[in-house]
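This structure is a prediction, so every number in the text was calculated from the model and none was measured. Below, each value reflects all heavy atoms present in this structure, side chains not excepted, and no hydrogens, waters or symmetry copies.
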Amino acid sequence: MGRKRSAGDVPELAAGNGILDRRALLAAGASLAGAGAIAARPALGAGELSMEPWMTEPGAPFVGYGQPSRFEAKVVRTFASAPGTTGTGASRTPLQRLNGTITPNGLHFERHHSGIPDIDPDAHRLLIHGLVKRPLVFTLEALARYPMETRIAFVECGGNTGALYQKEPAQLDLQASHGLLSCAEWTGVRLALLLEEAGVEPQAQWLLAEGADAAGMSRSVPMKAVDEALVALYQNGERVRPSNGYPLRLLLPGDEGNMNVKWLRRIKVTAGPTMTKDETSKYTILLPSGKSLQFVFPLEAKSVITNPSPGLTLNGAGLYEISGLAWSGYGKISRVDVSADGGKSWAPAALQEPVLPKALTRFRMPWRWDGGPAVLQSRATDASGYVQPTRAALIAERGTKTFYHFNGIASWAIGEHGEVRHVYA
Amino acid sequence: MSMPRHLRAAAALLFLSTAALAETPDLGRPATPEEIALWDISIGPDGAGLPPGNGTPQQGETVYTAKCLACHGEKGSGKPNDQLVGGLGTLTGDQTPVKTVGSFWPYATTLFDYVRRAMPFNAPRSLSNDEVYAVCAYILQLNGIISENAVMNAQTLAKVQMPNRDGFLPFSRQK
């Protein structure tokens with residue numbers, strides 16, 4: 001596989017069990033074993049370079065809105081709804097089948113509490129009221145005339161990876177364990193600007209944000225989150241998808257997904273939190289003491305190896321590129337370390353530029369698999385110096401009775417046939 | 001005048017941002033109190049926003065049987081959807097935590113707010129305020145939080161002491 005290196009140019013081992021220096025693959029200028037190599041590669045056979053049928057007749061006509069190749073039909077969200085409902089529950093992003101850092105709009109994860117409303121933008125209004133001097137109503141047409149700002153930000157559900165709190169390692173693929181995570185380029189109006197026009201009273205410390213879905217999904221947001229808040233109209237260049245809040249959503253970069261209220265219809269400026277269902281009954285972290293942490297907003301630094309990951313298989317010993325995602329609700333990722341021996345030894349991975357605050361960061365690490373046992377892990381550090389904890393450390397602090405905000409290290413064991421399994425290590 | 005370059009840049013930025021403040025599009029139209037009253041359905045933990053009306057557990061049982069039982073089970077026992085009653089004492093120890101309105105929710109005002117905006121799931125916003133007070137009273141009574149003769153209204157509901165009222169700690173980051 002790949003190009004043979006000249007003698008004396010052997011890539012340096014950077015950590016145990018075959019972890020190579022992060023520059024090894026880059027320096028060779030070779031795109032060796034990425035995602036493609038992990039799927040079984042068909043053997044080169046006679047006739048492979050025969051005349052391709054698609055070169056013998058004209059191709060398909062234009063379409064108004066393009067779709068992926070029909071050969072990519074497996075790259076879809078998976079979903080489950082609450083009993084007796086459709087559209088109330090979550091759909092998950094197929095992280096193991098994507099590369100780069102931006103989630104295509106049709107694959108952005110979803111969490112809905114009463115389905116997706118079919119909102120006519122001309123009939124939609126945003127009301128800002130409460131502790132303000134001038135309560136205001138905005139139409140979409142009005143908002144579209146405001147100065148806009150674009151930023152790339154991840155959105156992660158506070159319940160993502162909750163299964164890793166369980167006492168036994170759940171046998172889930174990456175999409176099922178980590179798929180409540182996506183990243184997009186969002187464009188919208190700064191909420192601060194709208195609040196400024198309304199004139200916030202000095203005693204205001206919180207906001208209530210409410211959606212126009214049938215659940216009237218609502219969350220309290222502390223005033224300091226407003227600094228970076230966008231009322232987002234666009235997602236990856238096109239209008240926000242209905243499943244992500246069309247025609248308007250609140251975007252609070254770095255804060256747990258549930259606070260990024262979709263279908264935003266109302267902002268009430270308040271002195272204290274409203275104590276809505278989703279910030280009391282849900283999205284609180286039950287500790288072994290029986291007390292629950294409440295208002296845990298930014299998501300702590302976290303990372304996961306997307307390739308290889310459970311559900312994928314390595315096709316024989318040799319050189320691979322381990323690749324994954326790292327993110328932090330507190331800012332930029334400053335470092336990701338990778339281990340192939342279950343955390344005994346580590347080496348820093350290459351971070352794909354640009355590394356942006358509160359956005360997904362892609363990391364890559366060359367690894368020579370000798371065909372023997374291996375446990376792959378990644379560990380993120382963010383610009384604040386916070387280091388992603390081991391699962392054991394997280395459980396020691398929080399116990400196993402909660403399922404929100406799990407950000408511990410995930411461990412993927414490689415079996416002798418290249419199969420990848422979730423283990424606790 | 002000579003001014004260090006970075007200071008000049010900062011001054012220019014300051015000027016720009018104050019200019020931006022002075023000139024915002026201001027395309028919102030003033031909302032009237034009547035409009036706001038129609039849309040403002042959130043209830044604060046102190047009861048702010050609770051509407052006129054009232055209901056008893058007994059009246060609530062009628063509402064519950066007709067409009068909630070199919071999804072939340074006999075007497076709030078759950079299945080197919082969330083369990084609304086019981087679970088006290090399950091938050092500590094080794095057992096699976098059973099988080100319900102009774103065992104977990106810190107404020108009764110949340111129950112009114114949520115049921116009025118979102119339940120019954122298949123017909124949200126269809127209950128009258130009296131029906132919402134009544135069904136909340138029934139759920140609170142099943143949880144042993146209020147008595148069978150209690151009447152829930154804007155004053156009494158806000159005063160209900162929930163068992164897990166002190167069960168929450170505000171989060172602060174350690175690092």
Side chain to side chain contact (heavy atoms under 4.5 Å, CB included) for B:I41 and A:K268? Distances and angles first, verdict last.
CA-CA 10 Å; B:I41 53 169; A:K268 182 178 185 177; over 6 Å; no

With a 4.5 Å heavy-atom cut-off, do B:W39 and A:R265 have their side chains touching?
yes

Between the side chains of A:D213 and B:R117, is the shortest nitrogen-to-carboxylate-oxygen separation below 4.0 Å, so that they form an ion pair?
no

Mind checking whether B:T110 and A:T276 have side chains closer than 4.5 Å, heavy atoms only?
no

B:P97 vs A:K401 side-chain heavy atoms within contact, under 4.5 Å:
yes

Looking at chain B, which one of A:P288, A:P273, A:P298, A:S218 has the largest number of heavy-atom pairs inside 4.5 Å, strictly under?
A:S218

Between A:T139, A:T284, A:L208, which residue shows the highest count of heavy-atom pairs closer than 4.5 Å to chain B?
A:T284

Answer whether the closest heavy-atom distance between the side chains of A:L136 and B:R29 falls below 4.5 Å.
no

When heavy-atom pairs shorter than 4.5 Å are enumerated against chain B, which of A:G290, A:A142, A:S281 gives the highest number?
A:S281

When you look at B:D40 and A:R266, which way does the salt bridge (Lys or Arg N to Asp or Glu O under 4.0 Å) test go after all the steps?
CA-CA 8 Å; B:D40 185 5; A:R266 187 165 74 97; 2.8 Å; yes

Which heavy atom in A:Y146 sits nearest to a heavy atom in B:D26, and how many Å separate them?
OH-N, 3.3 Å

Is any side-chain N of the basic residue among B:D82 and A:K277 closer than 4.0 Å to the acidic one's carboxylate O?
no

Which heavy-atom pair separates A:F295 from B:F171 by the least distance, and what is that distance?
O-CB, 3.8 Å

